[in-house]
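Below is one structure, written out as structure tokens; the observations come after it.
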Amino acid sequence: MTASPKHSELPKYTDFFKPTLEALRDLGGSGSVEEIEDALVSSMKIPAELLNVTYSKSGAPILPDRMSWARSFLKIPGFITNPRRGVWILTEEGRTAAERPSADLRRIVADAYNASLAAKKAVESENDIALVDRGEEVDDWTSRLLQRLMTMSPSAFEQLCKRILRESGFTRVEVTGKTNDGGIDGVGVLRINLVSFHVLFQCKRWKNAVGSEVVRNFRGAMQGRADKGLIITTGTFTAEGRREATRDGAPAIDLIDGETLCGLLKDLRLGVSVREVIVEEITINNEFFDQF
């Protein structure tokens, strides 16, 4: 039996600095989170078993979390920007930085981060993030929020997803609650200008990565019953799962992973409050999730 990978075997988030800049450069200067992460997996030759290693407390996959932290830190010195959720842009400074050695990038990002801390008033020392040799889980707001979502019952999580869809522009949203329906949890109508789309959705509190089989089975269940499909998960999607969702000749299925789900809750201010000082301070409202 093959031993499970250890956390020490995983790349640190600082190891993703240079490959992230290179990935954005090779993508033409911009890319979605999925495109960037696929490029990192390819360029760094990360095996699937490492992508499925999770934090013991939250159950969230470690490497996507560290890739996300790398993007956040690269934003501090202005190497990349995030004009809208899920899209990252390489700046001219970042294009130049991509040519520098990894050690230089770590030093530059560390200096920029420390400078931002110095500018922020009343920073509690226990909340400081040690930039060098950080390999443990950071109690960031997305990890805490995902951990909170995992404590919800399946029916409560379905009701939360219903609320998210309604506040995102869906109408006539219903949770079906049917069993043996191919994973379909609900239905809604999305109106864009004069056009309406009948959407079937699946929402599950998965810890690990969702593979192609789940996507394929969901498509089979929705065939002939809706214009589009939507899968919402607290976990992530494998590269094969994302490819299956956009496979040529098959109805496209939109995917919302845990990171995107957290972003939606933050943008909609559902159970999440935001106070901006120099950097955003995120608070999780546990009472909000208790109501479902």
Practice problem: Please confirm whether the backbone N or O of Trp88 pairs with a side-chain atom of Asn82, one donor and one acceptor, at under 3.5 Å? | Solution: no
Exercise. Can you establish whether the number of heavy atoms outside Arg172 located under 6.0 Å from its atom CZ is more than 12?
Key: no
Quiz item: Within a strict 4.5 Å, meaning less than it, do heavy atoms of the Ile108 and Arg100 side chains meet?
Solution: yes
Quiz item: Is the count of non-hydrogen atoms from other residues, nucleotides or ligands lying under 6.0 Å from Glu213 atom CD greater than 12?
Solution: no
Quiz item: What distance separates Asp104 CG from Glu99 CD, expressed to the nearest 0.5 Å?
Solution: 12.5 Å
Quiz item: So which heavy atom on Leu261 is nearest to which on Ile256, and how close?
Solution: N-CG2, 3.7 Å
Quiz item: So how far is it from Glu259 CD to Ser143 OG, rounded to the nearest 0.5 Å?
Solution: 10.0 Å
Quiz prompt | Heavy-atom pair with the smallest gap, counting every atom of Pro251 and Gln223 | solution = CG-NE2, 4.0 Å
Self-check item: Check: Glu244 main-chain N/O paired with Arg219 side-chain donor or acceptor under 3.5 Å
Solution: yes
Quiz item: Cut-off 3.5 Å, side chains only: do Thr260 and Asp257 have a donor facing an acceptor?
Solution: yes
Quiz item: Taking 4.0 angstrom as the limit, do Arg216 and Glu240 come out as a salt bridge?
Solution: no
Quiz item: Do the non-hydrogen side-chain atoms of Leu105 and Phe79 ever get within less than 4.5 Å of each other?
Solution: yes
Quiz item: Closest heavy-atom contact between Arg25 and Ala98?
Solution: NH1-CB, 4.3 Å
Quiz item: Does the side chain of Ile46 come within less than 4.5 Å of Met67's, by heavy atoms?
Solution: yes
Practice problem: Answer yes when Glu167 and Arg269 have at least one side-chain N-carboxylate O distance shorter than 4.0 Å, and no when they do not. | Solution: no
Exercise. Decide side chain to side chain contact (heavy atoms under 4.5 Å, CB included) for Val175 and Gln159; before the verdict, give the C-alpha distance in whole Å, the side-chain angles of both, and the deciding distance to 0.1 Å.
Key: CA-CA 7 Å; Val175 173; Gln159 293 299 322; 4.0 Å; yes
Quiz item: Under a 4.5 Å cut-off applied to non-hydrogen side-chain atoms, are Asn285 and Ser273 in contact?
Solution: no
Practice problem: Determine, for Asp185 against Lys162, whether the closest basic-nitrogen to carboxylate-oxygen distance falls under 4.0 angstrom. | Solution: no
Quiz item: Where do Asp290 and Arg148 land on the salt bridge (Lys or Arg N to Asp or Glu O under 4.0 Å) test, with the steps shown first?
Solution: CA-CA 10 Å; Asp290 289 336; Arg148 180 63 182 86; 2.4 Å; yes
Quiz item: Is Val87 reachable from Val33 through a run of I, L, V, M, F, W or Y residues, each pair having side-chain heavy atoms under 4.5 Å apart?
Solution: no
Quiz prompt | Spacing of CG belonging to Leu21 relative to CG belonging to Leu90, to within rounding of 0.5 Å | solution = 6.0 Å
Exercise. Kindly determine whether Lys12 and Asp15 satisfy side chain to side chain contact (heavy atoms under 4.5 Å, CB included), including the steps that lead there.
Key: CA-CA 5 Å; Lys12 295 183 174 67; Asp15 296 330; 3.7 Å; yes
Quiz item: Heavy atoms, side chains only, cut-off 4.5 Å: are Leu74 and Val109 in contact?
Solution: yes
Exercise. Spell out, yes or no, whether Phe201 and Phe197 are grouped together once hydrophobic residues are joined by side-chain heavy atoms under 4.5 Å, including indirect joins.
Key: yes
Exercise. Please name the pair of heavy atoms, one in Pro61 and one in Leu51, separated by the smallest distance, quoted to 0.1 Å.
Key: CB-O, 3.9 Å
Quiz item: If you round to the nearest 0.5 Å, how far is CZ of Phe16 from CD1 of Ile36?
Solution: 12.5 Å
Practice problem: Could you give me the CA-CA distance, side-chain angles and deciding distance for Leu190 and Asp227, then say whether side chain to side chain contact (heavy atoms under 4.5 Å, CB included) is met? | Solution: CA-CA 10 Å; Leu190 176 62; Asp227 302 302; over 6 Å; no
Quiz item: Counting distance only, does the side-chain N/O of Arg66 pair as donor-acceptor with the main-chain N or O of Pro11 below 3.5 Å?
Solution: yes
Quiz item: Of the options Met222, Arg247, Lys228, which is the one that meets Ile253 in a side chain to side chain contact (heavy atoms under 4.5 Å, CB included)?
Solution: Met222
Self-check item: Close side-chain approach of Val214 to Thr233, heavy-atom, < 4.5 Å
Solution: no
Quiz item: Considering only heavy atoms from C-beta outward, does the side chain of Leu63 approach that of Val53 to under 4.5 Å?
Solution: no
Self-check item: Atom pair CD1/CG of Ile184 and Leu230 - distance to nearest 0.5 Å
Solution: 12.0 Å
Quiz prompt | ILVMFWY network linking Leu268 to Phe292, side-chain heavy atoms under 4.5 angstrom | solution = yes
Quiz item: Do Val210 and Leu255 have side-chain heavy atoms sitting under 4.5 Å apart?
Solution: no
Quiz item: To the nearest 0.5 Å, how far apart are CD in Glu158 and NZ in Lys204?
Solution: 6.0 Å
Self-check item: Gly31 versus Leu24, closest heavy-atom pair with distance
Solution: N-CD2, 3.6 Å
Quiz item: Taking all non-hydrogen atoms of both residues, which atom of Val189 and which atom of Ser196 are closest, and how far apart?
Solution: CG1-CB, 4.0 Å
Quiz item: Any idea how Phe73 and Tyr13 line up, ring-wise: parallel (<30°), tilted (30 to 60°), or perpendicular (>60°)?
Solution: tilted
